[in-house]
Every structure is written in C-alpha cells, then in structure tokens.
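Worth knowing before you read on, the calculation uses all heavy atoms, side chains too, and leaves out hydrogens, waters and symmetry mates. Letters go in sequence order (proteins before strands), and every chain restarts at 1.
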Amino acid sequence: MARTLPSSLSPHICILHSSDLKDVLESHALPLLPQILQSFSPLQQITTRTTALAPIPLSSFALRFSDLVEIETAIHEDEEQRAERMMDWIGNRVQPRCATWVELVQSHIAAGEGPWKDRTPWWEEVKRCVESDHVPSRAEGWNHPVAIIYAVSTAAPNPLQALQELHTRMIDFPPWVDVAFLRYSLIVHPSNSPLSESIAESLFNAVKKQYGLHTYLLPLSLPTSPPPAPVPIPFIMPRLPPIPTPDVSPMSLSQPAPAAASSKPSSSTTPRVQSSESLAGASNISPRDANTLLLCEGDIQQFGRFTREFATMSLIPWMEKAVMEWNELYSTSRRLPSRLFSSTRRLFGSGYSTPVSTPPIPGHGSNPSISSTASRGGTHGPNSSVSSLASITSAGSGSNGAYVSQQRRLAEFATILGDFKLAISVWESLRKEGKGGADILPLLLSPSPALPLLAANSVQTNHAQFHDWPALAQMRSLVNAVRWDIGIDQRELLGSILEGERWLVQAAGAAEEVPTALLLAHAAFLSSKKGATRRSALWYMRAADRLEKAGIKPLAMHFFRRAHQQYKSPRSSELSPSFWESEGRSQFSWRGFDAILPGIEHELGRLLYTTGDTAGAVQYFLGLLQEHKTVSSTPAEGLGITINGTSHEGKHGGADKVYLEDFRVALKHFKTTESERFATSELKLNLKFCQIKHTRIRLPGDALNGDSDEWNNREADWTTFRKSRGAEKLHVGGRAAVNETFWADLAIRNPLDVDVTLSALTIVLREVSSPESGKCPDFVDVEVIDDVQLGAKESRTIPIGIRSSKPSSLVLTHVRYHFLDLLPAEESLATRGRRLYDTPHQRQNKVYAPDILLRVDVEDALHRLQAGFVDNRHLLLAEGECRQMTVRVLNSGKHPIAELWMVSGSDDELWIGGDEESTVASSETENFQSSNSLSPHEPYRVTIEKFHSSKTLGPGETLDVPVIVHSTRSGENSLCILLTFRETADQAFYSTRLIRQYEVRPILGFSWSIRPHQSSSHEYIINVGVENKTLGTSIQIVQVTTMSPAWGCTPLASNVIGLLPASQHVRATFGVDRLVDLNPDVLASREFVKDKLRSVLHGTTVEVSDPPPTRLHCRHLCGSDMALSLKDPALHHFLHADRRNQVTHRLSAQNPHIPQSSHRSIFPLYPPSALDLVIFWEIPSQERKGHILLPIGNLGADHAPLSEVLDTVDNLKAKRSMYAETERERRELIEAIRSSEWNAETNPITLAVSDGMTVEHDFASRPPCHVTIKFTIRNYSLTNPARYALTLPSSPQQPFESAATLSPRFVGRSTQRGELLPSQARIISLNLSIPHPGTYTLGDWTIETEVGESETSPQWVTRHRYKQLSPSRCRVTVIDRSRS
Amino acid sequence: MSHHLFILSPSDTPLYELTHYSSKPVPSTTSPLAANLPSWSTSAFAGTLTALSGASSTAQTHNTQGGPVRMGGGKDRHVIQMVANASLDAIEEVMRKESVMYLKSVDKFNEWTVSAFVTPGNMKFILLHESRNDDGIKSFFHDVWELYVKTMLNPFHTAHTPIRSGVFDGRVRASAKKYL
C-alpha cells in the first residue's frame, strides 16, 4: 500500500538558528536555513521499520522545515481568526490571477491538449495554500513539531555558548502543543569561518558530548568570487502572512508582508522568491524552474547529506522508538477490550481493522486515560534528547476537548513512517472514540463503501466539533478535502464506490467563501471527467454563484459557461432509435428544463455587463427574451409551478420583466457607448410578434367581412350556375385599386409577460416579379405606425395602410419595427406551405410546398361596383314579414355595366322587384302550377333597364334596386349577397359583396289538429289556432289560404279574419275533401319517388331529374272580396322558397345517409297528399305585412308503396362489406326509408255513426219501435279500393257501463259487405228493434278491411287486411210518446 | 416544507412540474436505522452560514425545517430544476444497477433529497423533498403513476406531450396532500 501522502502529513521540523548563522547566510545571498533545507525534501528511497521491525521501503519521504520563531508567533493567534484570514488570503491570491488562468485554460480547452486537461490552476493554488499551513493546531498533531534543530555557525564569537543559549531558550508554545520532539544541534561551518577545520571538529565533539548524538557539523564552502551559478530548486510553499501591525496599511495579500512579529525580518530573500512564484503562477512555466538557490555543487551535496542523515540517523529512529513506546502503552490500555474484540471477531467475523502485533506488556495498569510518564517541560538532560514521549494524552481535558492525545500522535507517527497497519488500527480506535481519524482513514484504506461514510462523518464531526468557530470548521473541511484529493488516487476517488467528488461537495457545505466555491468547482470538474455532466453543471453553477458574490468575476463567468456547456452537452442516450422515430421528433431537438438555461445566461449577461463587455451581455439578454411556450399554451396552471395557488405565470412575468429591463439598459448603453459596434453587430430578436395566420389583407369594400365560407359558397353557386351558360370566368374579388388605400391587418401578439413597445412598425413588400431581396417599390406608400404599446400577452390587430400608384402584384414579405425603440427587427410574413405527399421521397421525408406569402393585386379600377343598402339602420323583422329594401349600386369603375346578377344563399328568401300592387284572386279558389322541385333558386338577374334610364350602368352612375326580403328564421341572421357584373356578354364577370345583418322575432303562434269528419259531409276537419305572441301589438289577420295538390278545403265556422289583439287567440275550422278532379300528377310524383328510392336502396346512381310539376289547389278565406292571389310572382316565389327550406331541413334530418345534393332528384316539393296553410297578416301600426306558411301535413291513407322495393332489398344476397360502418349505414338508410312518410301504412276505412239520436215513438199503439241508424263507411285512400265487412253483434249486447243504458237488437242481416273505391263513402242504414223506451247504446261491431291493389288491376288482390273493433259508440234515446 | 415533483419523458424533457407545500409536521426523531447513516443535515451549516454572513450566532436554529421557505420562484426556480436535472445522473446509475421502479432516495444536495420512480415506459418521476418519508413518497408515486397511465390512454398523448390536464393536476395535488 504505497500511497503518496499529502505533504502536510509529514514531519514538521522547526529550526531555531543563531543570529550569526543568519548573518552568514545573508552575506552569501542565501535564504534562511528552513528554506534551504526545504529544497531537499522529499527524500528518495527511505526505509522505515514497523513496530515488529519489518522494513518498509518508502519511495519518497517529505519533510517540512520552518522557522521556530515564526511558528511561535503564529501559534498565539486565535485559530478561528487564523482560519478566517486563511480563507480570505486564498481568495485574495486567486483573485488577481484568475483572469489569466481562465484565458489559459480556455485556450488549452480550445486546443484540446495541455497540462490543464486533468487539473485546474485555481484548485492547484488552493491546494498549495492549504498544504502550506504549518502552524500547530489544537485539533490535530500534524503540524506539531517533531524535531527542533538548533543551528549555529562557527562564525559566532563563541559557537558553544551560542548553542547553549539556543538550547536554554524557553520555547514559547501554548500548553496544548505536544512537546515530544527531537532536539537536534547543527553547527554550520562556512569556509570563511575564523575557526579552522580542526577546531571545528573539536567543537563538534564537545557539542556531541554535551547534547548527545543528535548533532551535526555542516561544513560549507560558500564561495563568494565568482558567485555560484543559481541552481533551480523546488518552488517554496506560499505562506499565510502574519497579522499586520495596526500601523501597516491593510494587507497586500498577494505579496506577503514582512514578518512583523519576528525579531529580524527576512525581507532580503522573500521578495526574490515571491516574485518568481507569482511569475510562475501567471505564466504557466512549471514553478519548479523558477526558484533558484545560489549554492555551489559541493555545498548542495553537503546540505543533501545533512538532510538525509538527519532523517535516517536521527529523526526516523527517534520516531520509530516513539511509536514503539507509545504503541506499548496503547496496546496495554486496550488489552482487555482487544481480547474481548478478538473473541467477538471469532464469533462474528472480522472487520477491516487488523490487530496490533505488539505483544502486550504485562504489569502495566489498564487505565487508558492516564499514561503520561513525564510532565511537560520535563528535564532536558544531556543524555536524553527524547525529553518526553508522553505528554498530555488524556482526551477531553482541554476547554474544547480537542487536545492532541498521545494516541493520536502515535497514529500520526505511524502514518508518517508508513506503518499503515498500525496506523489504521489506531485511527480506527480513535474514530470509534469520536476523536478524529475519519478524515485520515480514507487515505489509508483501500476503497470500500465505508469510506464515503467516513468522509461524511469527518465533515460532520468538524462542524459539530467547531460549532462555535464556523470559519475553523470550514477550514478543517477544506483541509480534509484537499488531503483526500491529493492522497487518494483519482481513479479510485472517482470510482463508483467512493464517489469522491461528493465528499468535496459535502466539505464545501453551504459556506460562501472563495476556497469552498473552488472546492465545489473542483467537484464539478471531477464530475465532468467522470461523465456526470448534469451534476457537474449544478456544481459549477453553485460555485459560480458563490464566486460572483465574492467578486471573482472572470472565474465566475468561466464556471457559468462551463455549467452552460455541461448542461447542454449531448448525452449518449440509452433509448432505442425507434423511440425518436415513433415520437416523430429529432433526437437533437431536446428541450430540457425551461428555467435552467435562462437562469445561467442571465447571470452570464449580468457578469459580462459589469465587466464591460456590453456586446456580449446584450447577446445573452437578447437570447433570454423568448416565449415560454410550455406555460403560455396552458391557460390555467398546466405545466408550470404553482405556488400556493398563485399561477406560475406571474413568476415568469417577473423573470420577463427583469430580463427585458436588463436588456433595455444594456442595449441602451451599448448603443450610446459603442455605436459603431452596434451598427455592425447582428443582433437578432428571437421573439415573434406577428401572428401570420391571422394577418390578412383588407380592401375598402370588405368592411363587413362575413364568413369566408359563405362567400366561397356564393362563388361556387355562381360557378355552378354559369357552367351551363358559358365559360366566362368570375374574376376573384380581393383586388385593390390603384391610388386607393387598402390595409394589411397585422395580428400582433406580445409573447412576453411584460409591456413592450414597438415603434416604426411597417410592412416591407416587393413586386412579385422583382428579386427576393428587392427594396420596397417606390410607387407604393406604406404607412408607418409610430408607436405601439403592447401589454403583457396582449393581442391586437393593427391596420397598416398601403397605397399603390400603379397596377402591380405585391407580396408582403416582412414586418419591420424597432423593438423598445432601440433594436431594429424584422419578421417574415411567410407561412410554411402544405406538406407534400406526391412522391415517395416526399412521403418518406418531410417536404413542404414553398412558403406562402400574403399577396395582393393592385389593378386599375376598370370594373368596379360598389353596393350598399340605402337604409343602413338595424333591421328588425317580424317572423314572416316581407320587407322591401333598396340596394344602391354604384359603378365606380371606368367601364359601363350591362349585366348584373345577385347571388344569395340557398336559405335566403329574396325577391328583386318593388312592392307593386298585389295580384288579386279572381275567385275564392284558384289553381296554380308548381315546379314541385327542391332545386335551389338561381341567381337573380337584375334587369338594369327596369330600374334605370338606359340598358347599361355607366361609370359613376347609381342604380337603386328594390329588393323584398322575407324570413322566418328567428334570431340574428345575415344576408350575404354576391353581386356579379360584366360589361358585355362575352366578357368575364367581376364581383362585389354585400352583407346585411338583420334580426327576426316571432309574433304569431300556431297550433293545428286534423281528424276525420264524423259525418259524410267532409272527409276531415282541420282546426287551426292562431295566437298573437306580442305583448302590445294588435295583428290583423288578413287572409288564410289553404293549398294542396289533392285536397280542397271549405271554411266552416271561422272568426279568424280580423284584428287579433295582443296575447289573444283565434280559431278557424276547415272541412277537407278530396278534390273531385284528382290530377294525375299525384300518382306521377308518387311513382317518381318510388323509382328514385329504389335506386337509392340498390345503391345505384340517382339520375338527376326533377319531379313532375304539380298543380296546387288554393282556397282563400279573407274578409273582403279582394283576396291575394298566390299567383303573384313574388308571393309564389316566397311560398316556394319557404316550403323548400322546410322540406330540405326535414329531409336532411330524416335521411342523413342520402347526400343533400341528390335530395332534389329524389323528393318532390309537395307530397301528393300534402296540405299547407298560408296565413297573411298585417300590423297596420308598424306598416308591416307578411305571411307564414304552415305545413299541415299529409292527409289520407297510404299503403306502404315502398314495401315491395324494401322487400327486394332485404332479400338481396347480402354483400359483404369490409367495413362495419358501411353495413350499419346501409341498415340505417333502409330503416329511415321504411319509416318515412313515403312508406306510410294506414287503414283506409273509417266508420262513423250518427250519435245522440232521439226518437219519439208511441209504444202504446205500435210496439216495438224500429229505428234506422246510418253507418257512414269511408275509404280514405286516394289510390286503392277497399272491401269491408261490418259484422253486427248477433245477440243482445251485454249492458254497458251501467244498467241505465240498454242494448238494442238489430234487425236484418248481421254482416254487411261492400267495396269502396278510393275516396268513396257509403251510408248503410240498419234497423234497430227497440221494445221499450230508454237510452240504448250501440257498439261491439267489427269491421274487417281488405285493401286492394290499385284500381287499375283487373283482379282483386288483397294488399293488406285490417280488423277494427267498434271504433265508436253511439247512443239512441227512444221516448214513449204515448206517455207524454 | 416544500416538495417539488417533476415528470420527465424518457428523453428527460419535463412534462409536468408541481410544487407542493406540506402542512404536515416534520418527524422530530429519525428512525434508529437512519441514525447509523450519515445524516447530512443543514443544521451544522446553518451556524456556519449565519456566522459567515455576520449574523449573531445566537440566531442559529437547529431546526431549520420549520423556518420560512427557502426556495421560491424566480431565480431559485432554476436552482430547483438544476438539482432535479443533476439527480438524473444518479438515477441513471441506479437504474443500471437495479430494476425496481421506486428508487428511494437516489441523491442529495444540501437540504434536498431526491427520490425517484421510473415507470416501465422509462418515464421518470422525480421528487425533491426535505424530510424522510419513504412510505408516503412511495404511495404518492404509485398514485401519480396511475394518474399518468390514465393520461397516457389519451391517443393524442405521446411521450413528449406536456401534461396540461386540470384533472390530472388536481388529482396529483390531492394525492400530494394525502401522502406528503
């Protein structure tokens, strides 16, 4: 176990020399004796012996020499104060050199080679300073002198007396210093001495006789002319300068002050040594080359021989003897416990401590605490240079309980001598007793998991032991750390067992001193060497923080940079490469913790700013200004720390504010002080203010934009409409005119959490044809916004006016502004093109189409039209109101307009034309033809000559187009009208847009019911209720019109026409009959639907064709003769549109699987048996009028006309579809059609009996009474005949609910059969025989119905059968006339 | 006493962070087992710090746990993140040696102990805490894991999607309140 111990763990030898020796050395320009002798340490190849006398070869053996007077002075200083001074001293030594060091290290790092690859200059400096400490301490014995050399020269008048004086001089050590040291006498005999060789010899003999064998005569030649060539010697250790006297100005700590306390300062030599040392530190010349000694070769050999002899002949034997004696005492004291331990070991196994091989000495007391055999200051007898081997040994006797015990000295001596076996056992026992040792053991033991615990324990012990002396505690930890770093092999120290870099961090603790910061930095350095870059980054940052506080900026910056670098350094990932592939991310786009880099960069920026590198600082601060994507995208709390309920965004805001303020200050300073550099520096702002996707071009006419989808629909409608009429293109709108301002609406958002100012905001544009980096064309004026204030995270739209003086195509490329009025910045307005998937290369890689830029075409205003409503006030319509409005059209172009069209939405009900005199119906009924098609209306052609003096609209001329708007959609609506126009027939169309918002409020409420009529006069009865829903407006119901392809209505009792006050309700009743001349269209449209649905069900293409037109029969009910005719084109148009809207909405809801576009080819507008009601109303007080269409419903019976088709479809061989969804959709489609109104199945036969008949009969004269009851049987089917069988009860019925009613007896056939044609009714008269007067109830008959196929089939085929049980009852009262 | 939780993706990108302030009393005595281990408490340094900074030594307190919160937002936030980031080195090392999910206390830095939990999908949950509470932390981690798995059921969630679910956040807080 040949370890190199740190030099501080070596024998400390103090030298007391006489003044004559000093004079001799000074006269030859030599330093003091300790310094000369120190040059010969360490000694090579020394052999020591263990207590068992086994030789231990040591490759090097260090010695430390110092001046006794210096030690005596220094030892009286308070240890705490000394530790504080030491800390400050190290800091002050590091400070002036660190800038050079950092440059040096950085250049070496850049070159990749050099001596600073494995060490750092600042840590070397700290190590040297810490190791240089040679003042004895209470806590440990390493610095307690092992030997004192009394040195005199033969140049003294009386050398013997001089030596005597030195020997008798009282050594001024405090009582806690161990006085077990070797006394040694040295006589230096220079060649120019007055004493001759022989006298010197005899003097030596005399001294040897008086002071024992530890004496040496050192003859030196010391030539003066010529002076000897300087010999390089090892660089001497820097020493903590002594306390300055109050007179001296504050310590100049980089240069040691003269030893004020020493009697004769050795100022003549120290400056030379110091200057060379500082040179060495600064210029990376190995320090060993710099220091020199003016000694000739012979003298060097003499000194070498003396040093070696002193060590081998005196010091080591003396130490070995001491060790043996102390070990005996030690093992004696531990005899009992050791025996106990040995038996324990036998039972439980052994630890790493080894037994001491010394045989126990019998006869000694086993009291472990007192073993001193001589007291301090004992006799210094000439024959015994070992004055006292045992001095103060008991632990805990001192005030702080930290006196150096003999046992500790034993451990230290054994360590020095290399007897590690003994040393370990003693240190171990010391550690167990809590007297230290934990710090040294890691140096001696081989790596094991126990060592980190020992290290931690030692740090903790330091802080516990020196609780009242924090600086001292810190110093002790630092000393330990330095020893560990030197004494343990770096590979072992960094190994996974020891993790030594953590020890250093523990030793550094939380102290904010420079040495501890450097200790942390060294730990970081070691971590980075080990590969733990993240840990290294943390420790570098902590070290840098502390150094920054201590004001050592170059080093702090270096460490911050290292932390930055270590944090960002790529790490080999153990993830599969497919992980990144599956995530769709690049391995290198790693984003770590969001606060770390800004934290470091901000510190770096501040440091750079304070050190005068404004440009660098500005760069860093600029990098800090960026959007916190993770936080901003989480509205509530999300990713981001929430502290005590307050959102973390506030924290970010605080950071942003600080960053921005720092940036502003630094940039301002940079701009004012270094304007030239500012001009050349390329500062680029990372922030993006412009929301490109929300930025758009706004033309003057686009003030009310409307929904862009709506406009696209209009344009598509127009294109569809024009497809068959000519290939003229529609010029897409959105072209700006020459000399007219249009705007780019910039959507700006502040990504920061702090207010910012953008000034001189403008847009950079170029012509499409010009090269990329072209300048803004001179014919375009772009507005410049002076100042825009944006609050934290504020979004705003800022219009920037653009005006071009000639036609061109412009591309908006950039937004340009001055950030904070200081930094010019530019943002691109390009958005990435769509992802391409056309080629395999594009599919496998991410390829995008070229960037998309905002583009605007400016053209001469040749074809331009401006349109607007004359009345621009808020438009409030009543539900169903027809309101006339005027659209004013201005030809603002340069060419006349001959053709003008209006394209409105498919839901909008619009009529071009004035509110002319309404057409009046000629009679109460009228018929009109309907196209019966669901196809949306075509664009309206505005006949210019109708509203204008000429056929064309010249430039600058206006045209007022009257328009009637009708709407039943309550709520807020917008009317988007696309106006298309052109000059002549073969030219392309241009368009302009018109939008109008309006609100619709309901005013009337409706309810209605349908039931079969009980008598034969009508087939159905319809009751309609109308309610005025307004709060204070009376509504005049002007007219009620029914219309149907198959049914005619007759108003029965009605008071509906007239004024309907607010919140009132009126009713109207209509009898409904089948039209006598049923038009053939009914059947045709039924067949049409059947055919089309068959195609749908079979999945074949539905042919595009319109249903057959139908004739509608109308019946008006109005107060006067002047009924409004539905033939009025506007009214007809509105009713058609209204009906179409209702039908379309219903069909879309019922048949989601039939595409909407094919509805018009499948379903007619009016089903054959539909009945609609139109109610015309007026509000005279508000000059409003309108109408509302009520779809009453389908009347009559239907017989599942689609059942055959559905059956066929059901019985088809099921086609397997790959997708369950397809199959499900198909089933849903079939079900929807099965249950639709086109496949309704109803019993067509109803039976009505006259109820409540009263008959008077004279029972006295002609009993019984015969009453005839009329049964009305009606076939409600419009298409199919039906057979019926009415079966009457054969026996008298059981009395009904009560005995009060009687059951009559029918006379005649009990079953009546018959056949009814469609819509035919038959009255069957049946006789009742009534024996007594009373009230009779009829019931319990049965009707069986058979529905036949249509009338045309020659043979009766039953389609359906129904059985109905006494659907109604009636009462007959017979009164006996004879009794009255 | 505060706790900081980080959820990191397999590529060490933070997906979620939470700071929780526990109102539970700090256990006054450590377990006898723990007494054998070197407990690196801040109490020893509290004295050093105060004395070095020139404060009177009587102000030293051995129980710093009850004191005001040291790590707040702002500048210190990056220190907390640095500690969490630094602990990844230790976590990776422990992961190489052991194949358990709950890694107990993997690292220490001054007052902060770092506990970690690694899911089978290599997500790392890191908790910075000041006092020893192994059982509570383990239960907490299991809760967070369950919640995380539920979040990952969302087909739009990848291993790099930051967790912004309010429900997740609320439940993690509830669990933290329960166990920490």
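One distance of note links OG of B/Ser115 with CD1 of B/Ile137; it measures 4.0 Å at 0.5 Å rounding.
No other option in B/Thr158, B/Thr13, B/Asn85 has as many heavy-atom pairs under 4.5 Å with chain A as B/Asn85. The greatest number of non-hydrogen atom pairs below 4.5 Å with chain B, out of A/Glu583, A/His602, A/Arg502, A/Arg534, is found for A/Arg534.
Using a 4.5 Å cut-off between heavy atoms, A/Gln566 makes no contact with chain B at all. Of the two parts of B/Leu8, only the side chain, counted from C-beta on, holds a non-hydrogen atom closer than 4.5 Å to a non-hydrogen atom of chain A. Proximity to chain B (any heavy atom under 4.5 Å) is restricted, for A/Leu575, to the side chain, taken from C-beta onward.
Residues B/Ile7 and B/Glu17 form no side-chain contact, since every pair of their non-hydrogen atoms from C-beta on lies 4.5 Å or further apart. In this structure, A/Val514 and A/Met87 have side chains that are not in contact, with every pair of non-hydrogen atoms separated by 4.5 Å or more.
Between A/Phe593 and B/Phe6, the ring center distance clears the sub-6.0 Å criterion. Remark: aromatic rings of B/His160 and A/Phe579 are close, center separation under 6.0 Å.
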